[in-house]
Amino acid sequence: MTHPALPPASARWRRSLAALFVSAATGFACASAAGQSLNVASSSRLPTLGDTAREDLSPIVERKLGEEIMRQIRRDRDYLDDDQILDYLNHFGGALVDAVPGARGETGADFGFFAVRDPVLNAFALPGGFIGIHSGLLIAAQTESELASVMSHEIGHVSQRHIARMIGQQKQDALLPIASMILAALAAKASPDAAMGVLMGGQGLMADRQLSFSRDAEREADRIGFQIMGAGGYDTSGMVAFFKRLQSANKVYGEMPAFLSSHPLTGERIADIQSRIRETPYRPRADTIEFHLAKARARVLQDGSTTGLRDTRTIFETQMNQPQRQQLVAAQYGLSFLALKQGDLVAARSWLDKARAAMQPKEGVFSAPPASDGGAMFAGLDLEIKLAPGQPKEVAQQALKDAERYVNQYPLSRALARQYADAMIAAGKYDDATRYLRDQVRQYREDPKLYDLMAKAYSQQGKIALQHMALAESYVLAGALPAAVDQLNFARKAGDASFYEQSVIDAREREIKERQRQDKELEEKVK
């Protein structure tokens, strides 16, 4: 199903939005108080913060702010809503966070990683632990250690709660950009141009203070990111390698990459990182195949135009001539995904089979075992092909059997869990699907796709009230509150709503309308 979409965003709007999101973490970021130092190199835990910062922006408020912004981002057409990429980023990012005790901060912050469709090399952190990666940056990273350097840096910003620390020092002035973010999220529902004006206005009011804090905050995030990379077993030289390549791109193309613009990289910072590298034993780490498969998916999804897809095909065909097995497998996987997007299911199946075969060691040829086998991502694409429109009924039946096997084999894959539910619906197992989805919703309440699938299953069962109630929850998570209220009204008028369901509808409608009232009140205050 499709949510009410925001008006098409111009490149300028998207860049302004991304720039503000960066400022939410790095522009708001501030240094430690004068004389306060962070000795992360000699500590097994990340540095902690004083209580003064929390008095101004509690972790709960910070998280709610981030969730509100994320609701708007998920509705934008350039939010890269690809389950496999989201799975990869969250598993990869989660492992980085867990590599260092205390990386979640004293508040035990939850982290969420996502991607946006944008060729500009950038990454940004939002309030509450949400970290975004531009597709261009994911594609440009040559190794997993380079990607780890960027994500660890952003984790450092989040773990130090730079937004809360900024408010702790700037008091009421710091509320201006936060209010601008909230208002921009609300204004974006009606007009991207109006939202951009609010965003840029909030940025302008804080521009001078942001510049005065960014250097110390970036150094702090560097040190923490470096520690996270080392603890995770990644090559710490990847941080300097990636930053230097961005600087080289600046010299060649004459335009500063967005990541360097929003994360100023000075010679002092590079020297500091290099000195830490010299003190750290070199530990080479092989890239996982998932890294290369995620890059291939991002390349296909970044530009869906005829020219873009043609260029992507050329890149994959060239990549297949490289001697590394991972490059060959990723190119074949990418060609399979590209064929699927173009509706050529026969070619999609052929290229996927070749990619899977290429992952198997050749008989009589010694090679080091791969760091991972990419099984969950291969399984996901297999199901995507089998569940694609135009497949015969028997293929859908086989998809259900395979999906059940896959979810048992890879229980941590959120992508496969959704595909399993989709396979049950495609095979007509509606009762099984709704039971499974109800259990999934209890575990993952913030996943709108689960509610969409539940609505689809209820629709097939003829349970109209439950269908609209599920759609209402999906719209709430997408930030489309008026549409959610409409769905509850449809559910109320459905003839099959029980007395209990009518009570639930009434209570949920009151909650949503109260939230609408609070949003309007906030908008008036900011004006």
task = Apply side-chain contact (heavy atoms from CB on, under 4.5 Å) to Phe113 and Ile133, showing your working.
result = CA-CA 8 Å; Phe113 301 86; Ile133 307 295; 5.7 Å; no

query = What's the verdict on side-chain contact (heavy atoms from CB on, under 4.5 Å) for Thr143 and Asp235, showing C-alpha distance, side-chain angles and the deciding distance?
reply = CA-CA 10 Å; Thr143 67; Asp235 178 10; over 6 Å; no

ask   = For Asp81 and Arg74, what are the C-alpha separation, side-chain angles and deciding distance, and is it a side-chain contact (heavy atoms from CB on, under 4.5 Å)?
value = CA-CA 8 Å; Asp81 192 13; Arg74 291 190 187 103; over 6 Å; no

inquiry  = Applying side chain to side chain donor-acceptor pair (under 3.5 Å) to Gln342 and Arg313, what does each step give before you reach the verdict?
reply    = CA-CA 12 Å; Gln342 294 177 323; Arg313 177 180 294 277; 3.2 Å; yes

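In this structure, the side chain of Gln302 engages the main chain of Gly136 through a donor-acceptor pair within 3.5 Å. Judged purely by atom type and a 3.5 angstrom limit, Asn90 uses its side chain to pair as donor or acceptor with the backbone of Leu86. Between the Arg418 side chain and the Leu450 main chain, no donor and acceptor come within less than 3.5 Å of each other. One N or O on the side chain of Ser149 and one on the backbone of Glu146 form a donor-acceptor pair closer than 3.5 Å. Formation of a donor-acceptor pair under 3.5 Å by the Gln84 side chain with backbone atoms of Ala415 is not found in this model. Using modelled atom types, one side-chain atom of Gln319 and one backbone atom of Gln327 make a donor-acceptor pair closer than 3.5 Å. Asp78 places no side-chain N or O within donor-acceptor distance of the main-chain N or O of Val116, the cut-off being under 3.5 Å. The backbone N or O of Gly380 lies less than 3.5 Å from a partner atom in the side chain of Gln419, making a donor-acceptor pair. Counting only distance, with no hydrogens or angles, the side chain of Lys341 and the backbone of Gly304 share no donor-acceptor pair below 3.5 Å. At distances below 3.5 Å, not a single donor-acceptor pair connects side-chain atoms of Ser336 with backbone N or O atoms of Gln332.
Smallest separation of non-hydrogen atoms from Ala348 and Ala339: N-CB, 3.6 Å. For Gly156 against Ile224, the heavy-atom pair with the smallest separation is CA-CG2, 3.7 Å. Taking both residues in full, the closest heavy atoms of Ala423 and Leu400 are given as CB-CA, 3.9 Å, listed atom of the first, atom of the second, then distance. Across all their heavy atoms, Tyr451 and Arg445 have their closest contact at CE1-O, 3.6 Å. The two residues Gly375 and Glu290 make their nearest non-hydrogen contact at N-OE2, 4.5 Å. The shortest non-hydrogen separation linking Gly128 to Arg63 is O-NH1, 2.7 Å.
Put simply, the side chain of Arg356 reaches to within 4.5 Å of the side chain of Asp382, judged on heavy atoms. Residues Tyr88 and Arg297 fail the side-chain proximity criterion, which asks for heavy atoms closer than 4.5 Å. Within the 4.5 Å cutoff, no side-chain heavy atoms of Phe316 are placed close to those of Tyr333. Counting heavy atoms from C-beta outward, Arg414 and Gln440 have side chains that approach closer than 4.5 Å. Residues Val97 and Ile228 have side chains not in contact (no heavy-atom distance under 4.5 Å, counting atoms from C-beta outward). Using a 4.5 Å cut-off on side-chain heavy atoms (C-beta onward), Leu340 and Val300 make no contact. In this structure, the side chains of Arg117 and Arg77 stay at 4.5 Å or more apart for every pair of heavy atoms. At least one side-chain heavy atom of Asp402 sits less than 4.5 Å from a side-chain heavy atom of Arg405.
Shown are Tyr410, Tyr406, Tyr436; of these, the ring-ring contact (aromatic ring centres under 6.0 Å, His included) with Tyr420 is made only by Tyr436.
Note that CG of Asp287 is 10.5 Å distant from CD of Gln142, once rounded to the nearest 0.5 Å. Atom OG1 of residue Thr312 and atom CG of residue Leu338 lie 6.5 Å apart, to the nearest 0.5 angstrom. Atom CZ of Phe378 is separated from atom CG of Asp373 by 8.0 Å, given to the nearest 0.5 angstrom. Between Leu89 atom CG and Leu147 atom CG the span is 7.0 Å, to the nearest 0.5 Å. Taken from CG in Asp311 to OG in Ser305, the straight-line distance is 7.5 Å, to the nearest 0.5 Å. Rounding to the nearest 0.5 Å gives a distance of 11.5 Å between CG of Leu383 and CG of Asp83.
Glu404 and Asn408 are not linked by any side-chain donor-acceptor pair at a separation below 3.5 angstrom, with hydrogens and angles left out of the test.
Residues Phe124 and Phe114 bring their aromatic ring centres within 6.0 Å. You'll find the ring centres of Tyr234 and Phe92 inside the 6.0 Å limit.
A salt bridge does not link Lys449 with Asp452: every distance from a Lys NZ or Arg NE/NH1/NH2 to an Asp or Glu carboxylate oxygen is 4.0 Å or more.
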